[in-house]
Structures are given as structure tokens and as C-alpha cells.
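Working notes, beginning with the structure itself.
Whatever order the structure lists ligands and atoms in, that order sets their numbers, starting from 1.
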Amino acid sequence: MRPWPEKAESHRLYLGRVRDPSTEEVLDEVLACVMRAPRSYTGEDVLELHAHGGEANLSRLVGAALRAGARMAEPGEFTRRAFLAGKIDLTQAEAVAEVIAARGERALRLAQAQRAGALGALVGRLRGRLVEVLAEVEARVDFPDEELDFAPATRVAEEVAGLEREVGALAASYARGRLLAAGIDVVLVGRPNAGKSSLLNALAGEERALVDASPGTTRDVVEVEVDLDGVRARIADTAGERDDGETVELRGVALGRRRRARADVQVLVVDGSVGFGAVEQRLLVEAAAPVVVAWNKRDLGPPDGIPEGTAVVATSATRSEGLEALRREIRTAAGDPGDEAALAVSTARQHEALAEAGAALGQARSALAAGEPPELAAVDLRLGIDRLGRVLGEGVDGAVLDAIFRRFCVGK
Ligand SMILES: Nc1nc2c(ncn2[C@@H]2O[C@H](COP(=O)(O)OP(=O)(O)O)[C@@H](O)[C@H]2O)c(=O)[nH]1
Ligand SMILES: [Mg+2]
């Protein structure tokens, strides 16, 4: 790049031109920034060029950089280097991918908190407390008969039980973390003309599915991504359930059944002017996921005859009534407790390590409670410490890191 300062200052933008290393041709005018180690994302010396967008321009610049001796980064390589350099822990590295993939406000907030280190800090604190407990227990192993200043055995056991609860709660938060990250798969089912397509359009806030007064209009599965108050949901509208449809519609019915099989929540749309009948009863019984009944066309008839214990919301799709309650019931049925502030783990890897830590703590707790030799509890406590360390990325082998960073895009 020309002109190039004698000694480029770190973290300062320079304006200059990039030339092809062999032909000297000016390729672009760019901003360049040097970030010297250790004050960079990866902890190494980094040079960043800010060029004009556009695929042709950028690929020519990349080509010139490659000819000058650079190589392409692998997916997630920058974040992997940052992790290996100790700039961030593994929960933060994983959160980088989640920030980018986040759909929906709450998923993004959770990912950003994790990227900033909130989960890592919490796990680090839990591990610190566990290390102290282990020291107490080991002191008893080393000096069993001495009247040292031991904490009472019951207090140690209580602390282990407390840690077990906290680690267990964090492991259990995976249900929410996964829900936020993956979104909710919802499927609308019900007899033709109940108002499924109208309800989908009302939830989407726009005309997405065909609505018609004659039954059997929806033949394909129409899927729309909808924001359920901060949680993403994919809502699928299916062909109505009836047994005498024509061929095309029957194919739609079959597609709808398949979509239903992988839904997190089924919304059973009842035609309020017809009522809850045999078709609805069958759909309710056959459902493989939690069911929310949307008693639609409530302007034509109030809810009636719905089996007890079924979540019901009265809606009017055409008047946009009852939609807020329906969104809430769908989230609840999917298992969203809605607690904003709490942290949650979001990857299977974090969940597994925490679950193993919790199990080890449970073993240690019962060994202590049963008055068994402290050596036994110490083994489990060490295992718990190891597993909490793994959440942070300690002792995690290359294959696990490969699997994590494969999900990343190049340049992250
Ligand atoms: N009165 C009333 N009519 C509705 C309501 N929701 C849908 N409809 C009408 O019911 C008919 C069938 O709606 P549609 O959404 O196509 O039903 P689907 O076959 O279940 O997808 C259309 O004429 C809609 O305008 C509602 O809440 N109240
Ligand atoms: Mg329809």
C-alpha cells in the first residue's frame, strides 16, 4: 500500500492506495489500520484493510494479497486464535457465532451477554468456590487427626449442595437458551375454513397465505417467520384436515402431516362458527407436541366444548383480536419461562459439561453426607472442577475445537 508511513501507529486509520505487487497497478483506495500485539482481536499483529465493497473489487484485492504471501483464513480462524491466545474463553468464542446467527431480540441479547463474558465469569466463579471446597476436603485427607481450623463438615456439605443446585440450574437453562437460539417451530392445524391462513397472515402482519371463503384453498405448506415478542418462530400453515379432498389437496394434507411431526407447538385452529368436533378431537389426541387451541371467529361464537386442561385462546383473525394472548401461549407451550435477565447456556457442549459437573457434585454431596472418607468426595470434586473448566474451554481437544469453529464463516 502507498503511501506507507515510516512507522505506522497502532490503532490508527491511514488512507492510501493498494497496488498490485507485480504490476504496480493501483487496485483501490483503502483505509488501513495496524493493530499491534497484544491489542488486537487475536492478540497478534493484525493489518486490516477497509476497501470498497463489491465482489469483483474485493476478490482482486484478496488475489493481490495472496500473491504477496497472505493465505485465506479458515472458518472461525480469527476467533479460534483469540481463544488459543487466551483473549477470550470458549463460551465467548461460541457466542461470536451465536451473535451472528441470532434471530430475534432476546436471542441476540443472550448471545451478546455471553460474548461479553457473562457466562464465562459465572462458571469461573462457581469453579473458584469449588476449588476452595476441594482444599477444605483435601486438608482433611492430609491431616485427618489434627485439630486444625477445619470448617465444620456440615458446612462443607452444604456448600457442595448449594453448588450442585447452581450448576444444575445453569445446565437446565439450556432449554431456554436453545429455544431462543433455534426459534420455535409452530404448525397451524385444523379443519378447512377454520381461519388458519387468516391467522397466519394476522400473526405475520401481512398477506402471506391465500385466504378464501371456499374450503380447501391451502394446498402447500406456507411457512412464515414471525417475531413472538422477541422470540423467533417459524409458523407453518397446512392444508386443512378432511378426508374427501381432491388429489392436489390431499398431497398438501400429507405435507402438512409431515411438517406437524417436527413442530415444537401445534396451534389447533377451531372454527368458532362450527365448534369443537370430531376432527378437532382427533387432532388433539394425535398431536405429538403441546397444543394451543385458537378458538377463531370468536365474533361468531364463544369457546365451548374444549376438553379440560387444554390451553385456549379466543381469536378473531379478521379483526386481529386475541393475537397477543396467542403469541404468549405459543411461547409458554414451547417452554419459554420469559425471564429476561437470567443467563442461559446455548450450546449442547456447554450443557453436557455442566450436566456432568452437576452429577459429580451430586456424588460428592452424598459421599460427604454419608460420612465416607474425604478421598472419595475429593475425586468427584476434582471431576466437577475439570468439567467446569471444560465449559470455559480448558482441556478441550482439537477435534472439539474443529467442530465448534467449522460452524463459523470465514473472516470471523
Ligand atoms: N367472521 C370471521 N371470519 C373469519 C375469521 N378468520 C377467518 N375468517 C374467514 O374464514 C374464511 C376461511 O379463512 P381461511 O383463513 O382461508 O381458512 P383456512 O382454510 O383455515 O386457511 C375466510 O372467508 C376468512 O375471511 C374470523 O376471525 N372471523
Ligand atoms: Mg388456508
Side-chain angles (χ1 to χ4, degrees), residues 184-226 228 233-306 310-330 333:
I184 307 173
D185 267 315
V186 181
V187 64
L188 302 176
V189 300
R191 68 170 72 219
N193 229 31
K196 298 181 294 299
S197 301
S198 307
L199 210 48
L200 181 75
N201 289 334
L203 286 168
E206 59 182 319
E207 189 83 2
R208 296 299 293 269
L210 208 58
V211 174
D212 199 281
S214 67
T217 329
T218 307
R219 283 145 192 228
D220 274 331
V221 177
V222 177
E223 195 171 77
V224 177
E225 241 193 64
V226 170
L228 298 181
R234 287 166 298 280
I235 304 188
D237 181 19
T238 59
E241 276 288 324
R242 58 172 194 181
D243 302 323
D244 59 347
E246 55 188 89
T247 336
V248 186
E249 195 195 344
L250 277 179
R251 207 168 57 217
V253 172
L255 274 176
R257 287 191 182 148
R258 235 172 298 143
R259 178 60 180 74
R260 239 186 283 155
R262 63 173 174 87
D264 299 315
V265 177
Q266 287 195 15
V267 175
L268 170 50
V269 184
V270 180
D271 189 331
S273 67
V274 177
F276 194 96
V279 172
E280 286 76 14
Q281 183 60 39
R282 179 169 60 79
L283 286 168
L284 190 61
V285 172
E286 281 176 2
V291 174
V292 175
V293 168
W295 183 278
N296 193 41
K297 308 191 190 179
R298 74 175 193 193
D299 47 300
L300 301 181
D304 186 32
I306 298 158
T310 313
V312 185
V313 183
T315 61
S316 172
T318 44
R319 299 179 180 192
S320 288
E321 290 169 4
L323 299 180
E324 196 186 316
L326 181 58
R327 286 197 296 266
R328 192 174 52 239
E329 285 299 330
I330 293 172

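Nearest to atom 3 (N) of ligand 1 by heavy-atom distance, out of Arg298, Lys196, Lys297, is Lys297. Taking all heavy atoms of Ser198, Ser273, Pro192, Ala194 into account, the minimum distance to atom 14 (P) of ligand 1 is reached by Ser198. Of the candidates Ser197, Gly301, Gly322, Ser320, it is Ser197 that places a heavy atom closest to atom 21 (O) of ligand 1.
The two residues Ala204 and Val226 make their nearest non-hydrogen contact at CA-CG2, 4.0 Å.
Close approach of ligand 1 to Ser316 is summarised as follows: ligand atoms under 4.0 Å from at least one heavy atom of the residue are 26 (C), 27 (O), 28 (N). For ligand 1, the atoms closer than 4.0 angstrom to any heavy atom of Gly195 are 7 (C), 13 (O), 14 (P), 15 (O), 17 (O), 18 (P), 20 (O). In the vicinity of Leu300, heavy-atom distances shorter than 4.0 Å reach the ligand 1 atoms 1 (N). Taking a cut-off of under 4.0 Å to the non-hydrogen atoms of Asp299, the atoms of ligand 1 that pass are 1 (N), 2 (C), 26 (C), 27 (O), 28 (N).
Residue contact annotation: Asn193 places no N/O/S atom under 2.8 Å from the Mg ion (ligand 2).
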Show me the donor-acceptor pairs, under 3.5 Å and distance only, between side chains in residues 311-320 and residues at least two apart or in other chains.
unit_1, atom_1, unit_2, atom_2, d
Thr315, OG1, Asn296, OD1, 3.0
Ser316, OG, Asp299, OD1, 3.2
Ser316, OG, Arg319, N, 3.4

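Distances between N or O atoms of Ala317 and those of ligand 1 include at least one value under 3.5 Å.
Crowding of Glu324 atom CD: a count of heavy atoms from other residues, nucleotides or ligands under 6.0 Å not exceeding 12.
Judged purely by atom type and a 3.5 angstrom limit, Trp295 uses its side chain to pair as donor or acceptor with the backbone of Gly301. The closest donor-acceptor contact from the side chain of Asp185 to the backbone of Asp264 lies at 3.5 Å or more, if one exists at all.
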Exercise. Stepwise, does the side-chain contact (heavy atoms from CB on, under 4.5 Å) test hold for Leu199 with Leu323?
Worked result: CA-CA 9 Å; Leu199 210 48; Leu323 299 180; 4.1 Å; yes

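Ionic pairing of Asp271 and Arg191 is not present here: no N-O contact between side-chain nitrogen and carboxylate oxygen is shorter than 4.0 angstrom.
Proximity of Asp237 to ligand 1, defined as any heavy-atom pair under 4.0 Å, is not found for any part of the residue.
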